[in-house]
Number of protein chains: 2
Amino acid sequence: MELDRTDFRILSLLQDNGKCSYSEIARNIHVSEGTVRGRIKKMLSHDVFEFIIHTNPNKIGYHVQAIIGLEAKVGYHDEIASQLQPYRAVRFIGAFSGKHDLIIQAYFRNNEELVTFVDQQLSEIEGIISVDVNVELKQYKDTFSYVD
Amino acid sequence: MELDRTDFRILSLLQDNGKCSYSEIARNIHVSEGTVRGRIKKMLSHDVFEFIIHTNPNKIGYHVQAIIGLEAKVGYHDEIASQLQPYRAVRFIGAFSGKHDLIIQAYFRNNEELVTFVDQQLSEIEGIISVDVNVELKQYKDTFSYVD
DNA sequence: TATGAAAGTTGCTCCTT
DNA sequence: AAGGAGCAACTTTCATA
């Protein structure tokens with residue numbers, strides 16, 4: 001799907017405020033409200049973006065965030081990923097080139113929950129060679145606005 | 001701020017669909033539309049969550065995602081973070097305990113842009129001892145729904 | 001919690017390319 | 001055809017009581 005300048009202008013406004021109305025966007029970029037609606041509908045159907053909310057983990061009781069690098073046996077990536085998938089705590093799973101084969105990002109209520117996850121859940125998964133846990137001490141930036 | 005069951009139910013519905021209307025939420029959890037609106041207003045004012053859109057980086061031309069671990073000289077964390085902050089490409093910056101002092105997540109249009117970022121931008125920042133670049137090969141999960 | 005005016009959304013048709 | 005504008009019925013929002 002090809003995105004033109006109008007599409008990008010729409011995305012740009014929405015990323016600043018996901019509650020921005022069609023007509024508000026229309027006024028801003030000087031097209032009709034129907035056009036905005038049509039473009040958004042099309043982009044949504046092509047999975048260009050989605051309307052979501054970003055919940056502050058700390059405010060809902062998840063005080064420990066970790067980025068965990070995993071070394072995996074060759075051929076085990078998909079299997080490990082699919083076993084990690086169901087965990088609510090795990091918000092991101094990716095396969096990478098570099099020091100770590102898989103990197104996951106996860107939220108926990110406290111340190112104990114993190115330890116339990118590593119020692120019990122992770123250790124039970126076959127194919128994991130090593131686990132490199134990094135616990136977040138301070139967050140400097142966490143944005144979702146990367147449309148120009 | 002204390003969140004009760006109603007607040008969590010609201011968050012739960014919104015995280016599945018950020019465009020869910022007040023009245024639709026109200027019908028679902030059997031409270032009045034005004035109540036839903038009031039709760040949301042209160043939560044927004046307390047930064048419990050925000051309405052955003054999540055754009056699929058690939059669909060807008062960002063085909064290379066990297067997680068970069070940085071080793072930093074003692075006392076340089078804040079300074080390095082504040083220098084990285086302005087970069088559009090950099091969507092996440094955090095200080096961590098573990099192998100890496102700082103971990104960043106960034107999007108690039110192509111490999112060349114990544115190389116330029118590491119070789120030119122990163123190398124100019126004082127206090128960075130080492131850089132560990134991990135390039136994403138495959139994404140298994142990337143969710144923002146971690147409210148029960 | 002209820003009400004009603006104002007604003008927003010939706011599906012339709014018509015027009016232009 | 002495809003996309004944008006305009007219209008009218010309907011729904012949602014939000015201040016006020």
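Throughout, a chain's letter reflects where its sequence line sits, starting with A, and its residues are numbered from 1.
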[X] [atom1] to [N] [atom2], straight-line distance once rounded to whole Å:
| X | N | atom1 | atom2 | answer |
| --- | --- | --- | --- | --- |
| I40(A) | dG8(C) | CD1 | P | 14 Å |
| K19(A) | dT12(D) | NZ | P | 12 Å |
| I10(A) | dG4(D) | CD1 | P | 9 Å |
| L44(B) | dT13(D) | CG | P | 13 Å |
| D4(A) | dA2(D) | CG | C1' | 13 Å |
| K41(B) | dT13(D) | NZ | P | 14 Å |
| I25(A) | dG8(C) | CD1 | P | 11 Å |

Inset, instruction - Would you confirm whether the ring centroid of F51(A) sits within less than 6.0 angstrom of the ring centroid of F51(B)? - result: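 When the ring centroids of F51(B) and F51(A) are compared, they turn out to be at least 6.0 Å apart.
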
Inset, instruction - Pick base, sugar-phosphate or nothing for R37(A), based on heavy-atom distances below 4.0 Å to the nucleic acid. - result: base

Inset, instruction - Report which part of the nucleic acid K42(A) touches: base, sugar-phosphate, or nothing (heavy-atom distance under 4.0 Å, all strands). - result: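 Touches sugar-phosphate only.
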
Return the nearest nucleotide to the side chain of [X]; candidates are [options].
| X | options | answer |
| --- | --- | --- |
| Y22(B) | dC14(D), dT9(C), dT12(D) | dC14(D) |
| T35(A) | dG8(C), dA5(D), dT10(C) | dA5(D) |
| R27(B) | dT12(D), dA5(D), dC14(D) | dT12(D) |
| E33(A) | dA5(D), dT9(C), dT13(D) | dT9(C) |
| S32(A) | dG4(D), dT13(D), dG3(D) | dG4(D) |
| V31(A) | dA5(D), dT13(D), dG3(D) | dA5(D) |

Is a donor on one side and an acceptor on the other found under 3.5 Å between the side chain of [X] and the backbone of [Y]?
| X | Y | answer |
| --- | --- | --- |
| T55(A) | P57(A) | no |
| K59(A) | F49(B) | no |
| T116(B) | E112(B) | yes |

Legend entry - Pair D101(B) + K73(B): basic N to acidic O under 4.0 Å: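 Between K73(B) and D101(B) there is no salt bridge, as every charged N stays at least 4.0 Å from the carboxylate O atoms.
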
Inset, instruction - Could you say whether C20(B) or G34(A) is positioned toward the 5' end of DNA chain D, judged by the nucleotide with the nearest heavy atom to each? - result: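 Mapping each residue to its closest nucleotide by heavy atoms, the 5'-most match is G34(A).
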
